[in-house]
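We name chains A, B, ... by the order of the sequence lines, and we start the count at 1 in each one.
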Amino acid sequence: MFKNIALGIYHPGNSLLHRLQARTKLLVLLYLTIYFIIANRRVWHFAPYIVSVLLLLTAISLSAISFYYLWRRMRLLVLLAFLGALPIVFFPDPSDTILHTFGPLLFTYAQIHWIIYACTFLFAIFILLPFLPIPALRSFRQHRLLRLIGILLMLLTLIAIGILWFTRNNPLTSTIPVGPLVVSYQSVWILMTFFTVFLVIYAFSLLLTMTTTPIALIEGTTMLLTPLRWLKLPVDDFALMTLIALRFIPTLVDEAEQLVKAQIARGADFSHGTIRERLQSLAALFIPFIQGTLRRASDLATALEARGYEVDGKQTRLHEKSFSLADYLVMSLVALVTIGALFL
Amino acid sequence: MKDPIIITKNLTHIYQANQSSSLRKAALVDINLEIARGSCIAIIGVTGSGKSTLVQHFNGLLRPTSGTVIVNGAEVNAKGADLLKLRQRVGMLFQFPESQLFERTVYADVAFGPRRMKLGRREIRTRVLNALDMAGLPHREFAQRTPFELSGGQMRRVALAGVLAMSPTILVLDEPTAGLDADGRAEFYSYLQRIKQEQGVTIVLVSHDMAEVATLADWLFVLHNGHLVMQGAPRSVYAQGDALQQWGLAAPPLSELLTLLRKQGLPIPSEIFTLEEAFSLLSKPLQLYQEK
């Protein structure tokens with residue numbers, strides 16, 4: 001049951017992106033952020049954005065991660081970005097240069113009524129279809145997407161009835177205007193940059209976490225943060241703490257899972273019974289768990305000391321090695337292409 | 001086999017079946033087995049061979065990805081199956097069970113299971129005291145002590161008593177003696193032997209060590225990489241030393257010795273397997289040799 005907790009989203013593999021050092025990927029990501037800030041200063045200059053999207057596509061194809069998985073992770077953000085973009089589309093700045101104007105469209109009430117009748121009719125068919133004695137249709141109805149459509153149609157029908165009620169006194173020949181929708185240079189530019197920057201940066205950070213183990217990521221970060229050591233910041237302690245936490249999360253999860261099973265096998269029940277019984281079951285879970293965690297922590301401290309660990313000693317890295325040819329190649333290629341795009 | 005108490009049919013279990021293929025891991029592949037009522041069987045395999053996964057299907061802690069598990073005539077993963085009742089019937093002791101103790105006294109800890117079964121106070125008391133005695137912890141001495149100051153072997157037997165107090169008809173023990181010293185092991189198994197004789201429960205042992213279960217089990221199942229690769233009476237399984245080695249297992253030292261002697265040309269029948277049998281047999285040729 002705890003196996004479903006997503007602890008990072010690392011996808012094991014051996015692609016080019018997997019083999020790059022975590023530092024390289026982090027540096028490229030950082031560089032791209034700065035690159036977008038610079039690119040944003042020249043309005044109506046698309047080359048940097050096109051190049052960034054091309055870079056993203058190359059990276060995805062080199063990462064051996066299917067586009068579908070990436071999309072599944074990104075679709076919520078895309079939806080949010082759309083919602084964020086709505087004000088820009090509907091409330092443009094009047095001082096902008098206008099690119100194109102749609103509408104205004106004029107609808108008569110008679111037309112609107114016809115549309116509403118059609119919707120209601122469709123909805124009625126949708127509701128009535130499964131009652132027909134055809135078994136294929138019944139299982140068809142169980143489909144998730146169809147149920148969603150059903151709910152949407154129901155909402156639409158309710159709204160339609162509301163509209164009919166409120167406009168019942170208006171003459172059928174009077175019209176209501178829809179629009180006009182004004183598209184300005186400014187809004188197109190803002191939308192485009194907003195979307196590209198958001199999606200490209202997000203997709204790149206997804207790629208980073210999908211192709212790098214959390215431990216390598218922490219090591220890479222600490223190596224990049226080494227300059228902070230001169231400011232007497234405890235970079236290494238931070239790294240050790242994070243590494244230990246990361247290392248032990250799966251172990252503790254396993255232990256918790258085992259405990260849950262053991263207590264369930266003994267008759268504990270976390271979802272039924274009186275509050276008193278449930279609390280008892282929870283105690284049966286938490287007391288041994290905390291005890292085990294504390295014991296493990298003290299064992300670990302002893303083990304670290306026994307191996308001669310020192311707080312201010314110099315540590316070696318398990319995953320991060322020196323840059324290879326591929327790392328240098330990737331970094332210089334990204335730099336070359338992007339700088340070229342900036343001056344194009 | 002007549003009257004099997006546990007049957008699995010084409011049991012397959014895949015961890016993270018809903019994840020991408022790189023994260024999926026088949027733990028059990030097409031397992032078909034039958035366990036006779038009242039027997040004591042052992043499931044043997046190296047770490048990661050799927051033994052723990054297999055036994056967790058017996059009381060519904062895991063659901064098969066495909067296939068069926070039938071315990072006591074009822075299908076475990078059927079809709080509306082009473083899991084609570086099943087878990088009382090199938091008592092399960094996990095690895096390092098001493099880590100599951102949590103109450104202030106041994107008595108309260110053992111009583112946890114029976115209390116959740118909504119038994120009467122008196123019934124709980126007799127069950128707990130009986131279970132403690134059966135697990136070799138005389139209740140006069142141990143009932144009111146704190147479980148955390150007992151020795152490792154004693155704590156483990158407290159956990160065993162906790163399961164016994166629910167009076168299960170099947171007892172599943174997952175590596176019950178891991179981390180105990182030789183004395184603790186022998187002691188644990190002697191109590192288990194007694195439970196087997198007095199209570200008539202079906203015992204399922206999980207182990208990676210053949211020698212350990214040699215005295216207790218009367219049927220062995222060998223798992224390797226999630227496949228059921230061999231089953232049979234201990235005698236016949238132990239005789240296949242080479243095959244066992246291939247699966248990372250070792251036959252008990254005595255069987256190994258007999259196999260070696262057989263290779264040297266001594267005519268030792270393959271069904272010899274206890275120390276007494278071997279001794280009586282080996283002393284005969286020795287006498288012959290001396291007489292010559």
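Counting heavy-atom neighbours within 6.0 Å of A/Arg19 CZ, excluding the residue itself, gives a total above 12. Surrounding CZ of A/Phe198 are at most 12 heavy atoms belonging to other residues, nucleotides or ligands under 6.0 Å away. By the neighbour-count criterion of 12 heavy atoms within 6.0 Å, atom CZ of A/Phe82 is sparsely surrounded, having that number or fewer from other residues, nucleotides or ligands. With a 6.0 Å radius and a threshold of 12 heavy atoms from other residues, nucleotides or ligands, B/Arg194 has its CZ atom above the threshold. Heavy-atom neighbours of A/Leu79 CG from other residues, nucleotides or ligands within 6.0 Å: above the threshold of 12.
Residue pairs satisfying the side-chain hydrogen bond (donor to acceptor under 3.5 Å, both in side chains) criterion with at least one member in residues 290-300 of chain A, sequence neighbours excluded, are listed as follows: A/Glu255-A/Arg296. Contacts classified as side-chain hydrogen bond (donor to acceptor under 3.5 Å, both in side chains) and involving residues 155-164 of chain B (residues at least two apart or in different chains) are given here: B/Glu98-B/Arg156, B/Arg157-B/Glu187.
For A/Ser66, no part sits under 4.5 Å from any heavy atom of chain B, backbone or side chain.
Here the side chains of A/Gln258 and B/Phe96 are not in contact, with every heavy-atom distance at 4.5 Å or above.
Expressed to the nearest 0.5 Å, how far CD1 of A/Ile264 lies from CD of B/Gln56 amounts to 10.5 Å. Between atom CG of residue A/Leu259 and atom CZ of residue B/Phe102 there is a gap of 10.5 Å, rounded to the nearest 0.5 Å.
Here B/Gln100 is the residue among B/Met166, B/Glu103, B/Gln100 with the most heavy-atom pairs under 4.5 Å with chain A.
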Determine, step by step, whether A/Arg266 and B/Asp109 satisfy the side chain to side chain contact (heavy atoms under 4.5 Å, CB included) criterion, reporting the C-alpha distance in whole Å, the side-chain angles of both residues, the deciding distance to 0.1 Å, and the verdict. CA-CA 10 Å; A/Arg266 279 174 81 188; B/Asp109 209 287; 2.6 Å; yes
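Contacts between residues 115-133 of chain B and chain A, counted as heavy-atom pairs separated by less than 4.5 Å, involve B/Arg116, B/Lys118. Contacts between residues 86-94 of chain B and chain A, defined by a heavy-atom separation under 4.5 Å, are made by B/Arg87, B/Met92, B/Phe94.
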